[in-house]
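For reference, the structure discussed in these notes is given below.
Labels below follow one simple rule: chain letters A, B, ... track the order of the sequence lines, proteins then strands, and each chain is numbered from 1. The basis for the numbers below is simple: all heavy atoms, side chains too, and nothing from hydrogens, waters or symmetry mates.
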Protein chains: 2
Amino acid sequence: MTRKIRLGAFLPGGGQHIAAWRHPDQPVDGATSLEFHVALAQEAERGLFDAYFLADGLAIAFGGGIEGGNAKVAGFEPVTLFAALAPLTKHLGFIATASTTYEEPYNLARKFASLDLISGGRAGWNVVTTATESAARNFNLDQQHPHAWRYRRAAEHVDVVGKLWDSFEDDAFIRDKETGVFFDTEKVHFTDHQGEHFKVKGPLNVSRSPQGHPVIVQAGQSEDGRGLAAATAEVIFTAHQRLDTAQEFYRDIKARARGLGRNPDHVLVMPGVSPFVGRTEAEAREKYERLTDLILEEDGIALIKGLTGGTLDLTGADLDGPLPPLDPTEGMKSRQVLIRQIADENGFTIRQLYQWIASARGHFTIVGSAEQIADTLQEWFENEGADGFNILPPWLPTGLSDFVDLVVPELQRRGLFRTEYEGRTLRENLGLPFPENRWAVERRSTHAAE
Amino acid sequence: MTRKIRLGAFLPGGGQHIAAWRHPDQPVDGATSLEFHVALAQEAERGLFDAYFLADGLAIAFGGGIEGGNAKVAGFEPVTLFAALAPLTKHLGFIATASTTYEEPYNLARKFASLDLISGGRAGWNVVTTATESAARNFNLDQQHPHAWRYRRAAEHVDVVGKLWDSFEDDAFIRDKETGVFFDTEKVHFTDHQGEHFKVKGPLNVSRSPQGHPVIVQAGQSEDGRGLAAATAEVIFTAHQRLDTAQEFYRDIKARARGLGRNPDHVLVMPGVSPFVGRTEAEAREKYERLTDLILEEDGIALIKGLTGGTLDLTGADLDGPLPPLDPTEGMKSRQVLIRQIADENGFTIRQLYQWIASARGHFTIVGSAEQIADTLQEWFENEGADGFNILPPWLPTGLSDFVDLVVPELQRRGLFRTEYEGRTLRENLGLPFPENRWAVERRSTHAAE
């Protein structure tokens with residue numbers, strides 16, 4: 001089978017662009033409207049997207065931040081929302097963000113296994129460590145744990161959750177009404193995990209889900225983040241402005257995965273792309289200007305403050321001057337480096353910087369015709385820059401519909417994208433293998449050795 | 001308006017009775033089937049039930065226990081499941097159990113507020129402290145915290161969650177596209193909670209939900225449990241075998257609530273009832289015998305072990321002899337007392353005891369015609385025994401359908417039960433008041449004092 005582009009869609013109900021909610025097409029209460037999220041999911045499914053992706057934070061990012069923006073102060077908890085969308089869709093995957101720092105493995109394993117059961121095998125977990133001081137203060141802390149500590153805990157957390165998901169072997173349930181035997185006790189396993197951060201006896205009280213394990217997704221860009229992603233992630237969300245840095249990341253991740261004994265084809269690298277799509281470049285440019293004009297200065301300043309971990313408050317600064325130096329933090333390290341890079345490489349003023357990042361918070365923004373956008377995606381896909389893309393429509397629902405109506409058919413014409421869903425589960429659509437139950441594997445190898 | 005009976009329905013997909021899964025009508029994979037739960041929710045809605053109630057544990061209760069039984073080893077996390085059922089129903093409330101001991105207030109407040117938004121105001125939270133050693137071992141502990149400690153934490157937890165649900169006042173969102181003002185910053189409030197167990201800054205990143213607060217439900221029977229329930233619960237689930245003990249409980253709770261300055265009509269006492277309904281008493285008796293015959297001896301022994309906090313293992317005992325003495329535990333104190341009482345008052349052998357409690361784990365089992373069952377419910381309802389009932393059909397779906405087709409019309413004929421839903425939300429259907437936002441109340445009283 002020819003290799004195809006994978007597509008995820010970031011569809012926060014409040015819109016991605018910081019001023020999206022002011023766009024005439026965007027419902028002003030989209031962030032808290034179930035109906036709007038249902039419509040978005042069905043539109044993404046019409047576009048044959050692999051998955052609906054929702055970011056998440058455990059605090060309000062007032063005004064700015066990677067998940068900030070006024071329309072994002074209040075929304076849904078992602079797993080709860082996706083459970084509601086699952087029965088109203090057939091093929092679309094659902095990748096929900098959840099925190100290894102502020103959730104217990106047992107609770108997290110349960111809700112994702114439940115979502116996987118409810119959706120018939122369409123769940124994915126975007127593993128995050130949650131890098132904001134404001135979140136720490138909602139969970140009994142005065143300040144957040146150091147970056148390295150969070151990543152050690154994350155690695156152990158993912159390990160425990162995986163063990164819990166293997167509590168029942170796939171054929172553990174016998175359910176024989178005659179004999180009264182409901183399950184095979186030899187195929188239900190205690191977890192018996194004991195580590196630096198967790199002590200979990202198990203087993204999980206949810207049966208093994210249709211995908212075996214929900215798909216593991218990550219977005220770490222730092223050294224710690226890359227290490228964790230190469231070791232455990234099946235889909236990696238990443239932010240790049242240029243093909244050369246995307247390639248460096250892509251090759252590094254694939255090499256790390258290979259070094260760890262993993263098949264690099266089972267680690268899909270999917271950069272974020274925020275497309276302004278027009279029938280012509282001029283029309284796309286108009287759409288970009290239209291949204292840009294809706295950004296309030298104070299929102300632009302808050303955005304930069306949030307994206308620099310709260311370190312840079314530009315209130316009162318000359319917005320038509322250059323970006324001042326940044327202090328290092330324990331927060332989103334990689335995001336700060338990227339912001340600096342965007343400003344420096346483009347010679348942006350503060351105003352130009354926030355206008356550019358307002359649509360996708362540092363992800364690659366492309367303004368162009370469907371052909372131009374397809375050209376870029378194809379170039380990255382065919383040259384070790386990407387296995388697919390996470391599309392961040394700047395506003396909704398028309399920003400998504402533009403992509404579905406114009407770019408998807410162009411990618412299909414080029415043979416780069418599916419014309420119908422191939423599989424039943426998210427894992428099958430992404431071309432990822434079914435993870436065998438570790439206890440079944442152990443039994444087989446013990447048996448073979450006898 | 002005449003006072004009406006409120007009805008909740010306990011509908012675990014695997015069936016309530018320990019042998020339910022062996023009943024010919026019960027789907028053998030019901031516990032993990034979304035379709036079956038959808039059918040149950042729609043059937044409960046046909047019966048005009050106020051709410052679908054799901055118990056929950058954070059460990060497998062192998063073989064026995066209050067939530068035990070083979071068919072219950074693996075199921076769904078309740079909030080995730082209810083989110084999937086909400087868009088497929090219109091009126092039914094959804095009361096999900098969640099633990100104050102093993103969940104953080106911020107996460108718990110979010111998921112219930114999300115469910116309330118998704119369901120258009122039909123969510124309830126059954127507050128539990130989770131009383132099993134096996135759960136403790138899934139959350140980094142070697143043994144569970146003492147009973148009193150759990151209840152202190154529960155009281156503080158409910159307080160914090162309530163504060164978080166008030167983060168946004170009902171009119172906090174302005175969403176004016178013209179001016180760019182999304183919300184009124186004066187109507188968003190930090191929680192600033194600091195107590196023995198929690199330190200939570202807030203605000204919650206979910207808007208205030210349609211009910212203001214999801215309905216608070218509790219089931220504590222011990223001294224600590226009654227205190228917490230009288231102070232915070234709006235619906236109380238309770239287990240009684242006789243009208244006189246039900247009355248003692250009812251009057252005690254109402255008096256405690258009144259003593260705390262609450263309106264006792266806003267604290268609904270709803271005992272559990274497990275009905276075997278026939279067109280005649282003989283037909284009902286047949287249904288009871290049919291299920292009883294399906295209980296395996298080892299499952300009966302495991303049930304008693306679980307219900308006595310794991311203290312009483314009767315393997316090898318004479319099942320036709322009396323129940324030996326029980327040791328006190330830190331677990332389900334009130335449940336042990338009840339088991340002892342059922343055995344003693346009925347002069348039950350061990351076998352007769354487990355046969356009787358197999359259907360509802362100590363809740364009131366009634367075997368009779370629709371008229372006989374309606375007589376009992378009416379007697380309790382009209383004599384300070386109950387404001388309504390939580391119905392635990394012994395097996396599904398026909399155990400539920402029997403109640404909907406036979407008992408509901410009988411209650412309606414007597415003018416004791418609704419003939420259509422009165423309100424839009426669970427709170428409205430239960431006749432419970434909308435909880436005003438504490439900050440709006442404070443503003444009003446400050447304003448009045450000026």
Verify, without hydrogens or angle tests, whether [X] (side chain) and [Y] (backbone) share a donor-acceptor contact under 3.5 angstrom.
{"X": "N205(A)", "Y": "G57(B)", "value": "yes"}
{"X": "S114(B)", "Y": "E77(A)", "value": "yes"}
{"X": "R22(A)", "Y": "K177(B)", "value": "yes"}

Heavy atoms only: give me the nearest A74(B)-S207(A) pair and the separation to one decimal.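 Nearest heavy atoms, A74(B) then S207(A): CB-N, 3.4 Å.
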
Would you name the heavy atoms of A83(A) and A83(B) that are closest together and state the gap between them?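 Nearest heavy atoms, A83(A) then A83(B): CB-CB, 3.8 Å.
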
Please look at [X] and chain B and tell me whether the side chain, the backbone, both or neither of the residue comes under 4.5 angstrom of a heavy atom of that chain.
{"X": "L58(A)", "result": "both"}
{"X": "V188(A)", "result": "side chain"}
{"X": "H193(A)", "result": "neither"}
{"X": "E178(A)", "result": "backbone"}
{"X": "H23(A)", "result": "backbone"}

Quick one: what part of [X] sits under 4.5 Å from any heavy atom of chain A, side chain, backbone, both or neither?
{"X": "H37(B)", "answer": "neither"}
{"X": "F173(B)", "answer": "side chain"}
{"X": "F190(B)", "answer": "side chain"}

Taking every non-hydrogen pair under 4.5 Å, which of [options] racks up the most with chain B?
{"options": "G202(A), S134(A), A59(A), P105(A)", "answer": "A59(A)"}
{"options": "V38(A), V160(A), D176(A), T191(A)", "answer": "D176(A)"}
{"options": "F76(A), Y106(A), F168(A)", "answer": "Y106(A)"}
{"options": "N107(A), L34(A), L85(A)", "answer": "N107(A)"}

Determine whether more than 12 heavy atoms belonging to other residues, nucleotides or ligands lie under 6.0 Å from atom CD of E186(B). no

For R424(A), does the CZ atom sit with more than 12 other heavy atoms under 6.0 Å from it, leaving out its own atoms?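 It does not: R424(A) CZ has 12 such atoms or fewer within range.
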
Ion pair check, R110(B) and D56(A), cut-off under 4.0 Å: yes

Pick from [options]: which one has the most heavy-atom pairs with chain A under 4.5 Å?
{"options": "P203(B), A86(B), A136(B)", "answer": "P203(B)"}
{"options": "S33(B), G180(B), S209(B)", "answer": "G180(B)"}
{"options": "L164(B), N138(B), V200(B)", "answer": "N138(B)"}
{"options": "T185(B), L294(B), I295(B), V181(B)", "answer": "V181(B)"}

Going by residue number, which parts of residues 115-123 of chain B are within reach of chain A, meaning a heavy-atom gap below 4.5 Å?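 Against chain A, the residues of residues 115-123 of chain B that fall inside the cut-off (heavy atoms, under 4.5 Å) are L115(B), L117(B), I118(B).
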
At under 4.5 Å between heavy atoms, what parts of residues 24-32 of chain B are in contact with chain A? List them by residue number.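 Listed by number, the contacting residues are P24(B), Q26(B), V28(B), D29(B), T32(B).
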
So, E104(B) versus N140(A): side-chain donor-acceptor pair below 3.5 Å or not?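 Yes.
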
